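What follows is a set of notes on a single structure, which appears directly below.
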There are 2 protein chains.
Amino acid sequence: MANNYSVLELNLGLGNNNVGGHAGQSPRQRCPAPFLLKTYDLLEELGENIEDSTKIVSWNAEGTGFVVWSPSEFSELTLPRYFKHNNFSSFIRQLNTYGFKKISSKRWEFKHEKFQRGCRHMLGEITRKKCEPSVFPAYLKSSSEENNATSSTEENNDHQLLMEENKNLKKERLELQVQIDECKALEMKLLECLSQFMDTHQNKVRRLC
Amino acid sequence: MANNYSVLELNLGLGNNNVGGHAGQSPRQRCPAPFLLKTYDLLEELGENIEDSTKIVSWNAEGTGFVVWSPSEFSELTLPRYFKHNNFSSFIRQLNTYGFKKISSKRWEFKHEKFQRGCRHMLGEITRKKCEPSVFPAYLKSSSEENNATSSTEENNDHQLLMEENKNLKKERLELQVQIDECKALEMKLLECLSQFMDTHQNKVRRLC
DNA sequence: GGGAATATTCCC
DNA sequence: GGGAATATTCCC
């Protein structure tokens with residue numbers, strides 16, 4: 001009773017097939033994130049068992065998205081059966097993380113190009129959004145902390161900024177390294193191309209002489 | 001029944017007092033992480049209600065650490081009342097994250113200098129371990145975590161290291177940027193070379209015909 | 001033990 | 001919506 005999600009949890013963590021050697025940008029098939037599988041299954045299962053009048057959540061008419069008809073019931077009843085929480089906002093946060101769009105201001109309807117009825121196999125093409133780092137971001141924003149203006153506040157703040165900057169620098173380093181790798185790959189291709197061209201050319205000239 | 005942790009969840013997320021402007025390395029008082037509060041409370045509450053013979057988990061005799069006497073019961077019964085899971089290994093992972101040490105090979109006993117019976121107020125001084133990527137090799141790190149090293153010295157040292165790392169990261173960034181520029185320049189040359197070659201080749205062939 | 005990915009929460 | 005901290009999971 002207490003753990004009525006325990007069975008559902010079994011398919012958690014399959015997402016690790018994602019990370020192996022082919023973690024590139026390829027749109028090829030991968031093991032879908034647990035969140036996507038659960039959300040998809042939830043729609044399929046609820047669609048079967050519940051008649052229209054008591055719909056909590058369902059695919060939209062075209063099957064190109066889904067609608068949460070009753071957020072309160074969805075949160076109370078559906079969410080805890082599939083996830084470790086019962087907060088609608090956490091569910092929305094995940095949708096945003098995976099690039100879903102809210103497509104109506106009047107009802108809770110969401111779409112993702114690769115999330116459609118009957119297309120469970122496409123879920124593997126949906127990826128998490130990545131965060132875009134720039135070295136000097138957030139700390140220009142921070143407005144009102146309860147200013148315990150002590151002598152050490154300034155120092156702490158300084159320290160904070162330094163850590164923030166370091167973190168961003170590390171992110172940036174990673175990105176630069178990726179750029180370099182891509183650059184080198186392109187170089188290789190160009191060189192190959194060039195040498196192949198030279199061979200062809202020589203042969204042609206030889207024949208013509 | 002199904003959500004018997006719902007009340008306990010109310011104190012989740014108080015940890016946000018942590019993140020504001022003063023989230024530095026300072027050993028000053030902060031709002032303890034939810035994990036620490038829950039683990040502490042769990043020991044206090046269970047200690048009151050359960051007689052020795054059925055102990056699942058308790059403080060050790062000196063109150064300087066705690067013992068999980070029955071991991072299986074602890075996982076099944078205790079964990080889900082305080083956390084969103086019932087996996088002993090996840091609990092251990094959190095202990096490690098917060099710097100607890102397993103201090104016996106014979107039983108599940110854990111200690112953290114700042115985690116002691118009757119000292120709920122010290123929990124705020126326990127921080128998560130941070131991951132520290134390369135730039136700064138381990139040889140400058142202090143070995144023993146348990147030094148009560150005076151606050152200001154530690155802070156200064158930390159700040160020093162941070163600035164050093166920051167400097168190195170910027171240097172490295174510059175080098176990476178140079179690499180990228182070189183790479184791109186080479187690319188350009190290769191492309192030029194290729195196009196020039198193609199021209200020459202065409203001319204030659206034309207002449208030879 | 002700890003790295004790293006995903007999940008959940010809180011805040012802007 | 002999304003940034004960022006903490007929590008949970010899986011893997012080495």
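The structure presented is a predicted model; accordingly, all values stated were derived computationally and were not measured. Labels below follow one simple rule: chain letters A, B, ... track the order of the sequence lines, proteins then strands, and each chain is numbered from 1. The figures here come from the full heavy-atom set of this structure, side chains too, leaving out hydrogens, waters and symmetry mates.
Near DNA chain C, defined here as any heavy-atom distance below 4.0 Å, the residues from residues 91-106 of chain A are A:Arg93, A:Gln94, A:Tyr98, listed numerically.
Of the listed residues (A:Phe66, A:Tyr40, A:Phe110), just one forms a ring pair (Phe, Tyr, Trp, His ring centres under 6.0 Å) with A:Trp59, and that residue is A:Tyr40.
Protein atom NZ of B:Lys129 is 17 Å distant from nucleotide atom C1' of D:dA7, rounded to whole Å. If you take OH of A:Tyr82 and P of D:dT8, they are 22 Å apart, rounded to a whole angstrom. Separating the CZ atom of A:Phe110 from the C1' atom of D:dG1 is a distance of 11 Å, rounded to the nearest angstrom. Rounded to an integer number of Å, the gap from A:Phe35 CZ to D:dT9 P is 17 Å. A straight line from CG of B:Asn86 to C1' of D:dA7 spans 15 Å, rounded to a whole angstrom. One interatomic measurement links the two molecules: CZ of A:Phe83 to P of C:dT9, which rounds to 12 Å at whole-angstrom precision.
In this view, A:Tyr98 and A:Phe35 satisfy the ring pair (Phe, Tyr, Trp, His ring centres under 6.0 Å) rule, not counting sequence neighbours. Under the side-chain contact (heavy atoms from CB on, under 4.5 Å) criterion, B:Ser89 pairs with B:Asn87, not counting sequence neighbours. Taking B:Trp108 as the reference, B:Phe88 meet the ring pair (Phe, Tyr, Trp, His ring centres under 6.0 Å) condition, with sequence neighbours excluded. Residues meeting the side-chain contact (heavy atoms from CB on, under 4.5 Å) test with B:Leu191, sequence neighbours left out: A:Leu190. In this view, A:Phe100 and A:His112, A:Phe115 satisfy the ring pair (Phe, Tyr, Trp, His ring centres under 6.0 Å) rule, not counting sequence neighbours.
Taking for each of B:Arg128 and B:Ser89 the nucleotide of DNA chain D with the nearest heavy atom, the 5'-most of the two is the partner of B:Arg128.
Taking only side-chain nitrogens and oxygens, A:Asn87 never comes nearer than 4.0 Å to OP1 or OP2 of C:dT8. Listed pair B:His85 / D:dT9 meets the phosphate criterion, a side-chain N or O lying under 4.0 Å from OP1 or OP2. Proximity of B:Lys84 to the phosphate of C:dT9: a side-chain N or O atom is located under 4.0 Å from OP1 or OP2.
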